[in-house]
Amino acid sequence: MKHKKRIAAMTAAALTLAAAQAFAAPVNQMANHETAVGANTKGAYVEHKVTGKATVGYEYMDRDEYQNQDAVYLQYDLIGSEVKGIGGYRWNLPGDKHNAYIGAAVSTPKVFGFEAYASYIAGKDFNETQVGLNKNIIANIDANINYHNFKPDEGHHEDGIGVGLSVKF
């Protein structure tokens, strides 16, 4: 019976993943030297916790109206691993712009495998907000659901619900 439930949950996650509207890398709590890789139909990311407090990452985002965007970032744990400062650089913003950005993220401790989070980043030509929920589904695999709002200074903003999967190792 457990096997059938896992298959049903994975099938539902895959179907939801295929219907996702928007996606940004979720806020992860990771151990020192742990790596997380995640994807859905609108993007992908990889990040690695290089020290007890610093995480470096790369993110690819498939935007509806604009070029695909790439970003590199650093997250730094300010208070435990629940409050993070964020700094990064993003390419291919609307109008062929490239921006450095800063921001912050907060997350809750895990309770029954669930972890809620919110993040906000802003650069010269855009800002972006995300709120979401990570759920550990099997060993080192997490499912993520989030609301994502991307607001460039030029063009239309993009928002929606996103779903993804992450593997940590």
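Since the structure is predicted, the reported quantities are computational estimates derived from the model, not experimental observations. Note that these values count all heavy atoms, side chains included, but never hydrogens, waters or copies made by symmetry.
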A.B. asks: Nearest 0.5 Å, what's the CG-CG distance between Asp62 and Asn68?
C.D. replies: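 Answer for the CG-CG pair, Asp62 versus Asn68, is 4.5 Å.
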A.B. asks: Taking only residues two or more places apart in sequence or in another chain, which ones pass salt bridge (charged side-chain N to carboxylate O under 4.0 Å, His left out) with Lys97?
C.D. replies: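 Once residues adjacent in sequence are excluded, the partners of Lys97 under the salt bridge (charged side-chain N to carboxylate O under 4.0 Å, His left out) criterion are Asp125, Glu154.
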A.B. asks: With a 6.0 Å cut-off (strictly less than), is the heavy-atom count around NZ of Lys135, excluding the residue itself, greater than 12?
C.D. replies: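 Yes, the 6.0 Å shell around NZ holds more than 12 heavy atoms from other groups.
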A.B. asks: Nearest 0.5 Å please: distance from the CE atom of Met30 over to the OG1 atom of Thr35.
C.D. replies: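 Here the rounded value is 6.5 Å.
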A.B. asks: Show, in sequence, the C-alpha distance, side-chain angles and deciding distance for Val37 and Phe169, and conclude whether the side chain to side chain contact (heavy atoms under 4.5 Å, CB included) test is met.
C.D. replies: CA-CA 9 Å; Val37 177; Phe169 51 95; 3.8 Å; yes
A.B. asks: Please tell me whether Met61 and Leu74 are part of a single hydrophobic cluster in this structure, the criterion being side-chain heavy atoms less than 4.5 Å apart.
C.D. replies: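 Shared cluster, no.
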A.B. asks: Are Tyr45 and Tyr58 close enough that some pair of their side-chain heavy atoms sits under 4.5 Å apart?
C.D. replies: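 Of all side-chain heavy-atom pairs linking Tyr58 with Tyr45, none is under 4.5 Å.
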A.B. asks: If you round to the nearest 0.5 Å, how far is CZ of Phe114 from CG of Asn136?
C.D. replies: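 It is 10.0 Å, given to the nearest 0.5 Å.
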A.B. asks: Give a yes or no on this: more than 12 heavy atoms of other residues, nucleotides or ligands lie within 6.0 Å of atom NZ of Lys110.
C.D. replies: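 More than 12 heavy atoms, drawn from other residues, nucleotides or ligands, come within 6.0 Å of this atom.
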A.B. asks: Could you state whether Ile86 and Phe150 fall into the same hydrophobic cluster, counting links through intermediate Ile, Leu, Val, Met, Phe, Trp or Tyr residues with side-chain heavy atoms under 4.5 angstrom apart?
C.D. replies: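 Yes, Ile86 connects to Phe150 through the hydrophobic network.
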A.B. asks: Quick one: do Asn32 and Glu34 satisfy side chain to side chain contact (heavy atoms under 4.5 Å, CB included)? Show the steps, please.
C.D. replies: CA-CA 6 Å; Asn32 194 19; Glu34 189 171 34; over 6 Å; no
A.B. asks: Determine yes or no for a side-chain-to-main-chain donor-acceptor pair under 3.5 angstrom, with Ser166 supplying the side chain and Ala36 the backbone.
C.D. replies: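 No; judged by distance alone, with no hydrogens or angles, the pair does not exist.
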A.B. asks: Are any of the side-chain nitrogens in Lys168 or Asp142 under 4.0 Å away from the carboxylate oxygens of its partner?
C.D. replies: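 Salt bridge flag = yes for Asp142 with Lys168.
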A.B. asks: With side chain to side chain contact (heavy atoms under 4.5 Å, CB included) as the test, would you mind laying out the steps for Asn99 and Phe126 before giving the verdict?
C.D. replies: CA-CA 8 Å; Asn99 279 180; Phe126 78 100; 3.8 Å; yes
A.B. asks: Measure the shortest side-chain to side-chain distance between Asn28 and Tyr117 over non-hydrogen atoms and say whether it is less than 4.5 angstrom.
C.D. replies: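 Side-chain contact under 4.5 Å: no.
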A.B. asks: Counting only pairs under 3.5 Å, give me each side-chain donor-acceptor contact of residues 75-82, with atom names and distances, residues two or more places apart or in other chains.
C.D. replies:
unit_1, atom_1, unit_2, atom_2, d
Asp77, OD1, Lys84, NZ, 2.8
Asp77, OD2, Lys49, NZ, 2.6
Ser81, OG, Gln29, OE1, 3.2

A.B. asks: Using a 3.5 Å distance criterion without hydrogens, assess whether the side chain of Gln69 forms a donor-acceptor pair with backbone atoms of Glu59.
C.D. replies: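 Here the side-chain-to-backbone pair does not exist.
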A.B. asks: Answer whether the closest heavy-atom distance between the side chains of Leu133 and Asn146 falls below 4.5 Å.
C.D. replies: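 No, every pair of side-chain atoms sits at 4.5 Å or beyond.
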A.B. asks: Can you confirm whether Asn149 sits close enough to Glu128 that some side-chain heavy atom of one is under 4.5 Å from a side-chain heavy atom of the other?
C.D. replies: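 Side-chain contact under 4.5 Å: no.
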A.B. asks: Hey, are the side chains of Tyr120 and Val131 touching, using non-hydrogen atoms and a 4.5 Å cut-off?
C.D. replies: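 The answer is no; the side chains never approach within 4.5 Å.
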A.B. asks: Within the 4.5 Å heavy-atom criterion, are Trp91 and Val72 side-chain neighbours or not?
C.D. replies: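 A side-chain contact under 4.5 Å exists here.
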A.B. asks: Residues in side chain to side chain donor-acceptor pair (under 3.5 Å) with Asn140, at least two apart?
C.D. replies: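 Scan of Asn140 (side chain to side chain donor-acceptor pair (under 3.5 Å), adjacent residues dropped) gives none.
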A.B. asks: Would you say the side chain of Tyr73 lies within less than 4.5 Å of the side chain of Tyr89, judging by non-hydrogen atoms?
C.D. replies: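 Result no, sub-4.5 Å side-chain heavy-atom pair not found.
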A.B. asks: Do you know the tightest heavy-atom contact between Thr55 and Glu47?
C.D. replies: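 The pair with the smallest heavy-atom distance is CG2-CB, 3.9 Å.
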A.B. asks: Could you check whether any side-chain heavy atom of Ile121 comes within less than 4.5 Å of a side-chain heavy atom of Arg90, counting everything from C-beta outward?
C.D. replies: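 Side-chain contact under 4.5 Å: yes.
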A.B. asks: For the side chain of Asn40 and the backbone of Gly164, is there at least one donor-acceptor N/O pair under 3.5 Å apart?
C.D. replies: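 No.
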